[in-house]
Trainee: 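Quick one: the structure is below, questions incoming.
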Amino acid sequence: MIKFYNTLTKRKEEFKPIKEGMVGLYTCGPTVYDLAHIGNFRAYVFEDLLHRYLEYRNFKVIRVMNITDVDDKTIKGCQREGISLREYTDRYLFAFMEDMETLRLKKPDYMPRATEHIPDMVSLIKKLLQKGYAYRKDGSIYFRLSKFPSYGKLSGIDLSQIKPGARVDVDEYEKEDVRDFALWKEEKEGVFWDTEIGRGRPGWHIECSAMSMKYLGESFDIHTGGVDNIFPHHENEIAQSEAATGKKFVNYWLHCAHLLVNNEKMSKSKGNFYTLRDLLKKGYNPISIRYLLISTHYRDPLNFTEKSLIQADSTIKNYNAFYQALEFCKREKRDKSVKDAIEKARQGFISGLDDDLNISLALSEIFNLIKKVNISISEGSLSIVDALDVKSFLEEIDSVLAILDKEKKELTEEEKGMIKEREKARKDKNFTKADEIREILKNKGIILEDTPYGTRWKKL
RNA sequence: GGCCUGGUAGCCAAGCGGAAAGGCAGCGGUCUGCAAAACCGCUAUGCGCCGGUUCAAAUCCGGCCCAGGCCUCCA
């Protein structure tokens with residue numbers, strides 16, 4: 001039984017999809033005005049884990065990730081550079097797609113761009129106008145919060161606590177109520193669309209309502225994002241969508257905590273951020289970055305340090321070295337206890353992740369299996385078939401974790417010859433020569449390990 | 001000010017009422033020609049602090065301290 005912590009109810013709940021075996025999943029995507037930093041990627045890695053795990057548990061997942069390619073920052077950016085909005089946002093969208101691949105983030109089924117869904121937003125706004133949930137003021141259109149009494153149910157915010165003039169933009173005085181938010185902003189020059197509801201551009205929140213319902217239906221299963229999206233973004237999405245359809249918008253809201261640097265939120269405005277590319281330039285392995293981001297529970301704040309990244313890197317190296325070591329088994333005789341240990345690990349992995357994606361629990365089961373199998377390997381009692389079973393189990397769970405280096409490692413004939421030559425030298429007690437060969441191969445990234453059962457190699 | 005997180009070994013991190021998982025690092029040992037890897041052992045009488053409830057508390061309750069987030073840009 002899968003359970004998720006639902007921000008809407010503030011409880012862990014059993015996950016029951018609307019349609020059996022199917023999941024409609026909407027994950028908030030990037031605003032493509034700049035490179036995403038690894039704090040942003042924490043959310044996307046969490047969403048990736050969720051996506052992959054649901055599939056591992058045999059759900060047919062339909063996932064949407066929106067691309068916000070029109071807002072104040074993208075408009076400012078393209079105007080500053082004197083290029084079109086499209087040209088400007090394409091640049092960062094492509095960079096984002098590249099980064100996604102680097103971090104092994106599974107591609108969502110749909111990645112709709114806001115600018116390609118203006119008509120969908122317009123028709124949603126028209127509906128809200130017809131139903132009296134929206135009103136025009138000058139050329140702009142606002143959502144009428146006074147018409148939607150359940151506003152605040154997601155974030156628990158008390159509207160009377162929001163003081164006009166404090167954090168609320170005071171020059172928006174033309175609204176009926178300062179707390180009303182924009183659905184459509186009038187714009188006569190620069191970036192605008194000519195539509196039935198006027199000339200202008202959409203507010204930020206409306207795109208997610210329009211695009212999620214377009215691809216997933218008026219009610220769907222899961223909506224995710226960072227905790228900073230709870231208010232106002234997701235709260236507003238609920239208001240717009242439920243006002244328009246009269247139906248419950250989303251059943252499960254999942255939010256991930258922030259990535260911190262020196263115990264402060266990593267953010268563009270604080271300047272305390274690393275992009276993925278910054279870290280790659282420093283020589284870090286992207287898979288170690290993925291592992292670091294994935295290995296802390298998504299609802300706990302994660303304090304990012306290079307030290308913890310180095311630790312993650314060691315873990316990944318050991319994990320993959322174990323995977324490679326499975327190639328070097330000679331024994332034929334099966335040992336039933338290996339099969340049992342795999343099954344125990346599988347069950348532990350599942351029950352961990354079933355519990356609101358408790359990754360630490362899931363991983364500890366995997367490491368326990370590795371320890372057990374390592375004992376068999378060093379005793380020389382692991383059979384080829386058992387090793388293959390372990391290997392395919394690691395590959396099975398890698399559909400969720402995506403941290404394995406599955407590239408087939410091969411040696412050239414020359415390298416194989418050198419290993420044989422070294423073994424002969426060792427037999428002849430010519431250790432100087434043996435050590436020389438070991439050193440040469442090491443410089444080529446091939447590490448030799450002498451075991452009682454022969455020399456084993458691994459390639460970095 | 002309101003609302004919400006988190007504080008567990010040197011570092012990261014589970015556990016959330018009944019003997020403190022796991023990872024990284026360190027030390028000692030086994031193995032090895034030497035290494036490496038792996039394994040074994042050691043490393044929190046203790047879970048921010050102070051009280052309380054209970055046969056039993058890291059886990060529940062109350063108070064306090066520290067750090068962080070949200071309160072119309074934000075993953």
Trainee: Could you tell me how far A9(B) sits from A21(B) if I compare only their C1' atoms? Round to whole Å.
Mentor: 14 Å
Trainee: For Asp450(A), check salt bridge (charged side-chain N to carboxylate O under 4.0 Å, His left out) against everything at least two apart and list the hits.
Mentor: Arg422(A), Arg426(A)
Trainee: Report the distance from atom OH of Tyr291(A) to atom P of G22(B), rounded to the nearest whole Å.
Mentor: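 About 13 Å, once rounded to whole Å.
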Trainee: Using the C1' atom as the point on both nucleotides, what is the distance between C31(B) and A38(B), in whole Å?
Mentor: 9 Å
Trainee: Only pairs with both distances under 3.5 Å count, Watson-Crick or wobble alike; so what is the partner of A58(B) in this structure?
Mentor: none
Trainee: Would you mind checking if Asp313(A) and Lys317(A) are paired as a salt bridge, meaning a charged N to carboxylate O distance below 4.0 Å?
Mentor: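 The answer is yes: the pair qualifies as a salt bridge.
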Trainee: Is it true that Asp355(A) and Lys3(A) make a salt bridge, defined as a side-chain N closer than 4.0 Å to a carboxylate O?
Mentor: no
Trainee: Who is the Watson-Crick or G-U wobble partner of C27(B), with both distances under 3.5 Å?
Mentor: G41(B)
Trainee: Assign Gly225(A) to base, sugar-phosphate, or nothing according to its heavy-atom contacts below 4.0 angstrom with the strands shown.
Mentor: sugar-phosphate
Trainee: Partner of U32(B) by Watson-Crick or G-U wobble geometry, both contacts under 3.5 Å, or none?
Mentor: none
Trainee: Given the C1' atoms of C50(B) and C55(B), what is the spacing between them in whole Å?
Mentor: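 So the two C1' atoms sit 24 Å from each other.
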Trainee: Here's a test of your reading of the structure: between Asn263(A) and Ser267(A), which maps to the more 5' nucleotide of RNA chain B?
Mentor: Asn263(A)
Trainee: Atom NE2 of His297(A) and atom P of C16(B): how far apart are they, to the nearest Å?
Mentor: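 For the pair His297(A) NE2 and C16(B) P, the rounded distance is 13 Å.
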Trainee: Rounded to whole angstrom, note down the C1' distance from U8(B) over to G48(B).
Mentor: 10 Å
Trainee: Within the structure shown, what part of the strands sits under 4.0 Å from Ile377(A) by heavy-atom distance: base, sugar-phosphate, or nothing?
Mentor: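 Answer is nothing: Ile377(A) stays at 4.0 Å or more from every strand.
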Trainee: Rounded to the nearest angstrom, tell me the gap between atom CD1 in Ile230(A) and atom C1' in C4(B).
Mentor: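 My rounded result for the distance is 8 Å.
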Trainee: If you look at every strand shown and take non-hydrogen atoms under 4.0 Å, does Leu292(A) touch a base, only sugar-phosphate, or nothing?
Mentor: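 Leu292(A): no heavy atom of the nucleic acid under 4.0 Å.
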Trainee: Over all strands shown, is Tyr44(A) touching base, sugar-phosphate only, or nothing at heavy-atom distances under 4.0 angstrom?
Mentor: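 Sugar-phosphate, no base atom in range.
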Trainee: Ion pair present between Glu421(A) and Lys416(A), side-chain N to carboxylate O less than 4.0 angstrom?
Mentor: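 The answer is no: the pair does not qualify as a salt bridge.
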Trainee: Tell me if the side-chain of Lys307(A) makes a donor-acceptor pair with the base of C11(B), cut-off 3.5 Å, by modelled atom types.
Mentor: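 Between C11(B) and Lys307(A), which were checked side chain against base, a qualifying N/O pair under 3.5 Å is absent.
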Trainee: Starting from the 5' end of RNA chain B, give me the residue, Tyr151(A) or Gly226(A), whose nearest nucleotide shows up first.
Mentor: Tyr151(A)
Trainee: How far does the C1' atom of G51(B) sit from the matching atom of A57(B), given to the nearest Å?
Mentor: 14 Å
Trainee: Let me know the distance between CG of Asp300(A) and C1' of U8(B), rounded to the nearest Å.
Mentor: 12 Å
Trainee: Send over the distance from Asp313(A) CG to C11(B) C1', rounded to a whole Å.
Mentor: 15 Å
Trainee: Do the charged groups of Arg346(A) and Glu365(A) touch, with an N to O distance under 4.0 Å?
Mentor: no
Trainee: How many whole angstroms separate atom CD of Glu235(A) from atom P of C70(B)?
Mentor: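 Glu235(A) atom CD is separated from C70(B) atom P by 16 Å.
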Trainee: Heavy atoms under 4.0 Å is the rule here; annotate nucleotides 24-38 of chain B 5' to 3' with B where the base is hit, S where only the sugar-phosphate is, and - elsewhere.
Mentor: BS-------BBBBSS
Trainee: For a quick check of understanding: with a heavy-atom distance under 4.0 Å over all strands, which category does Asp72(A) fall into, base, sugar-phosphate or nothing?
Mentor: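 If one applies the 4.0 Å heavy-atom cut-off, Asp72(A) turns out to touch nothing in the nucleic acid.
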Trainee: If we call it a pair only when both distances are under 3.5 Å in a Watson-Crick or G-U wobble match, what pairs with C16(B)?
Mentor: none
Trainee: What is the minimum heavy-atom distance between Asp48(A) and Lys106(A), and which atoms define it?
Mentor: OD1-N, 2.7 Å
Trainee: Below 30° counts as parallel, above 60° as perpendicular, anything between as tilted: where do the rings of Phe367(A) and Tyr319(A) land?
Mentor: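 The rings of Phe367(A) and Tyr319(A) stand perpendicular, inter-plane angle above 60°.
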Trainee: Here's a test for you: under side-chain hydrogen bond (donor to acceptor under 3.5 Å, both in side chains), which of Asp90(A), Thr68(A), Asn66(A) qualifies with Arg113(A)?
Mentor: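 One option only clears the test, and that one is Asp90(A).
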Trainee: With rounding to whole Å, what would you report as the distance between C4(B) and A13(B) at their P atoms?
Mentor: 24 Å
Trainee: Answer yes or no: is there an ion pair linking Asp356(A) with Arg299(A), defined by an N-O contact shorter than 4.0 Å?
Mentor: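 Between Arg299(A) and Asp356(A) there is a salt bridge, with a charged N closer than 4.0 Å to a carboxylate O.
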Trainee: Is there a Watson-Crick or G-U wobble partner for C3(B) with both distances under 3.5 Å, and if so, which one is it?
Mentor: G69(B)
Trainee: The side chain of Val227(A) is closest to which nucleotide in this list: G15(B), G69(B), A13(B)?
Mentor: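 Shortest atom-to-atom distance from the side chain points to G69(B).
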Trainee: What integer distance in Å separates Arg11(A):CZ from C4(B):P?
Mentor: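 Roughly 15 Å, once rounded to whole Å.
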Trainee: Using the C1' atom on both, measure C24(B) against U43(B) and round to a whole Å.
Mentor: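 Each nucleotide's C1' atom is 14 Å from the other's.
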Trainee: Given atom CG of Asp228(A) and atom C1' of C4(B), what is their separation to the nearest angstrom?
Mentor: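 That distance rounds to 13 Å.
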Trainee: I'd like the P distance from C16(B) over to C11(B), given in whole Å.
Mentor: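 The same atom, P, in both gives a distance of 24 Å.
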Trainee: Flag the pair Asp428(A) and Lys433(A) as a salt bridge only when some basic side-chain nitrogen lies within less than 4.0 angstrom of an acidic carboxylate oxygen.
Mentor: no
Trainee: Using a 4.0 Å heavy-atom cut-off, does Lys10(A) contact any base of the nucleic acid, only the sugar-phosphate backbone, or nothing at all?
Mentor: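 No contact.
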